[in-house]
Trainee: 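Can you read through this structure? Questions will come right after.
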Number of protein chains: 2
Amino acid sequence: MDKQSTKMYLQIVRELRLLIQSENIKPGGKLPSERELVERLKVGRSTVREALRSLELLGLIETKRGEGTFLTDYRNHKLVEILSTFILQDTKTINDVHLTRQTLEKEAIRIVSASPHLMDLPVWESLLIKLDEEGTVQREDIIREILIVSNNRLSLKMWFLLKQYGEEPYQGFTNEDENTYLIQLLQAIKDGEIEQAVEAYNAWTNLLTKGRENV
Amino acid sequence: MDKQSTKMYLQIVRELRLLIQSENIKPGGKLPSERELVERLKVGRSTVREALRSLELLGLIETKRGEGTFLTDYRNHKLVEILSTFILQDTKTINDVHLTRQTLEKEAIRIVSASPHLMDLPVWESLLIKLDEEGTVQREDIIREILIVSNNRLSLKMWFLLKQYGEEPYQGFTNEDENTYLIQLLQAIKDGEIEQAVEAYNAWTNLLTKGRENV
DNA sequence: TTTACAAAGTGGTCTGACCACTCAATGTGA
DNA sequence: TCACATTGAGTGGTCAGACCACTTTGTAAA
């Protein structure tokens with residue numbers, strides 16, 4: 001290992017990334033133990049731990065005493081806590097998070113309702129039925145479905161992250177207007193009416209944004 | 001300090017936030033030294049360092065050997081960079097990268113050409129003139145300008161990364177058609193014609209995509 | 001006063017030592 | 001044979017102390 005210039009623990013972060021790649025460690029999979037990493041990378045344990053702790057704070061790995069260190073599914077949320085206390089004090093920043101998330105959502109809606117193949121999927125009808133029966137559906141569930149169907153894994157992952165960052169204590173209280181927009185959105189997707197779908201989405205988003213301000 | 005349940009270094013992260021708040025440390029300001037924190041918080045130095053290294057990886061603090069630890073401007077957090085290396089690693093589909101980048105670009109175009117305030121900026125005219133005089137403008141320069149003006153730092157950051165990651169060996173060979181679309185795009189922005197701008201962008205993108213396939 | 005050098009302070013890394021916890025192999029008793 | 005208790009190896013969590021490399025500062029010499 002270089003002992004110069006670049007900080008060791010950053011080297012190790014990089015080294016770990018390569019290791020994960022070359023050994024094809026999947027989310028949930030186990031990383032080598034700290035002591036093994038010490039031997040393989042020829043560094044001290046404290047240095048290894050600094051790298052691991054950093055990644056843990058990012059939510060990329062998870063450690064369990066007595067068991068080991070595991071690669072997580074990025075959906076983990078220490079980030080939220082840390083960032084919301086440090087970074088997201090700035091309203092401009094948090095607004096960026098919301099807007100960027102919405103950008104991804106809108107594009108997915110456009111893609112889905114522009115593709116005959118996708119808009120014909122039975123899932124939209126199912127959601128409409130569920131909405132009718134149960135009176136409410138989690139916002140997240142619908143959007144997630146759209147993102148998944150739009151078939152861009154990268155966008156989907158970014159969306160997951162942004163969703164967590166911008167998490168608001170949104171009470172799933174049922175709002176009549178909200179359901180109206182939801183139905184409009186789903187219906188427009190089914191019909192392949194792109195602009196109508198986006199319109200419904202915007203109206204819906206507006207509603208939620210206002211609700212947020214009131215709280 | 002609790003020695004139970006919650007991990008020490010997370011406690012310290014929290015402790016540091018309080019300390020920064022109570023001592024009113026501004027970005028650029030100096031934090032207590034590691035050894036001082038050891039005394040104040042009654043923990044080992046390695047534990048303090050684990051907390052500090054985590055915050056450093058997040059870009060929240062900056063350390064200089066021989067000098068000390070400093071609070072950075074929150075807006076410079078490296079989060080996006082770190083996460084991207086992990087997210088992009090197993091998302092091999094380069095196509096996703098391109099599409100996601102284009103999503104951000106399109107949204108920025110929409111935002112700019114939907115705002116009277118932004119579409120009136122002199123920069124569009126300047127680009128048109130430059131295009132006329134020099135016969136060509138870097139694709140990147142125009143898009144970057146649009147992204148910057150659209151005023152979402154997070155999107156801008158993501159765009160920058162995606163651009164780097166999805167880098168294609170695009171030869172800046174001047175194409176007549178390309179210039180046509182560029183002019184259309186800039187003109188549409190100036191006129192606030194959203195859909196026209198997006199249309200021009202799509203045509204342009206198509207052209208480039210085809211060019212890529214030919215190579 | 002200016003310059004050169006030593007000392008103190010700070011982050012960077014390593015080592016070795018315990019502790020707390022998990023898990024599986026082992027052994028024991030029914 | 002089976003169910004249960006025990007134990008030991010492996011793992012992360014924390015601490016203390018030691019150097020190293022570097023910067024700043026104070027002091028003594030020119």
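Quick note on labels: first sequence line is chain A, next is B, and so on, each numbered from 1.
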Trainee: Please report, rounded to the nearest Å, how far the C1' atom of dT14(D) is from the NZ atom of Lys7(B).
Mentor: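 Interatomic distance, NZ of Lys7(B) to C1' of dT14(D): 13 Å.
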Trainee: If I compare all heavy atoms of Ile189(B) with all of Ile146(B), which pair ends up nearest, and what's the gap?
Mentor: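 Looking at all heavy atoms of both residues, the shortest contact is CD1-CD1, 3.7 Å.
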Trainee: Rounded to the nearest angstrom, tell me the gap between atom NZ in Lys42(B) and atom C1' in dT14(D).
Mentor: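 Taking NZ of Lys42(B) and C1' of dT14(D), I get 16 Å after rounding.
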Trainee: Look at Thr63(A) and dT11(D) and indicate whether a side-chain polar atom (N or O) is within less than 4.0 Å of OP1 or OP2.
Mentor: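 No, no such contact exists.
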Trainee: Quickly work out the Leu41(B) CG to dA16(D) P distance and round it to whole Å.
Mentor: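 From Leu41(B) CG to dA16(D) P: 13 Å.
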Trainee: Nearest whole Å is fine: how far is dA20(C) C1' from Met8(B) CE?
Mentor: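 Taking CE of Met8(B) and C1' of dA20(C), I get 14 Å after rounding.
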Trainee: Could you list by number each residue of residues 44-53 of chain A showing a heavy-atom separation from DNA chain D of less than 4.0 Å, or answer none if no residue does?
Mentor: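 Residues of residues 44-53 of chain A under 4.0 Å from DNA chain D: Arg45(A), Arg49(A), Arg53(A).
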Trainee: Decide whether Thr205(B) and Lys106(B) meet the rule of one side-chain donor and one side-chain acceptor closer than 3.5 Å.
Mentor: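 No, Lys106(B) and Thr205(B) have no side-chain donor paired with an acceptor closer than 3.5 Å.
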Trainee: Between Gln11(B) (CD) and dT14(D) (C1'), how many Å, whole number?
Mentor: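 Spelled out: CD on Gln11(B) to C1' on dT14(D) is 14 Å.
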Trainee: Write out a two-atom table: protein N or O, nucleotide N or O from nucleotides 6-10 of chain C, distance below 3.5 Å.
Mentor:
residue, atom, partner, partner atom, Å
dG9(C), N2, Gly66(B), O, 3.2
dT10(C), O2, Gly66(B), N, 3.4

Trainee: Evaluate the criterion side-chain hydrogen bond (donor to acceptor under 3.5 Å, both in side chains) for residue pair Asn152(B) and Thr100(A); output intermediate values, then yes/no.
Mentor: CA-CA 8 Å; Asn152(B) 182 329; Thr100(A) 306; 3.1 Å; yes
Trainee: Starting from C1' on dG12(C), measure out to CD on Glu62(B) and report it in whole angstrom.
Mentor: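 Taking atom C1' of dG12(C) as the reference, CD of Glu62(B) is at 16 Å.
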Trainee: Whether the Tyr201(A) and Gln184(A) side chains hold a donor-acceptor pair (N or O, under 3.5 Å, no angle test) is what I'd like checked.
Mentor: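 No pair is found: no donor N or O on one side chain lies under 3.5 Å from an acceptor on the other.
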Trainee: Could you tell me whether Lys157(B) sits above the aromatic face of Phe160(B), with NZ or CZ closer than 6.0 angstrom to the six-membered ring centre and within 45 degrees of the axis?
Mentor: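 Output no; distance or angle outside limits.
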Trainee: State which residue, out of Thr63(A), Thr72(A), Val13(A), fulfils the side-chain contact (heavy atoms from CB on, under 4.5 Å) condition with Leu55(A).
Mentor: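 Filter result, single survivor: Val13(A).
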Trainee: Between atom NZ of Lys30(B) and atom NZ of Lys64(B), what is the distance when rounded to the nearest 0.5 Å?
Mentor: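 NZ of Lys64(B) is found 11.0 Å from NZ of Lys30(B).
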Trainee: To the nearest 0.5 Å, how far apart are CD1 in Ile25(B) and CD1 in Ile20(B)?
Mentor: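 The CD1 atom of Ile25(B) sits 5.5 Å away from the CD1 atom of Ile20(B).
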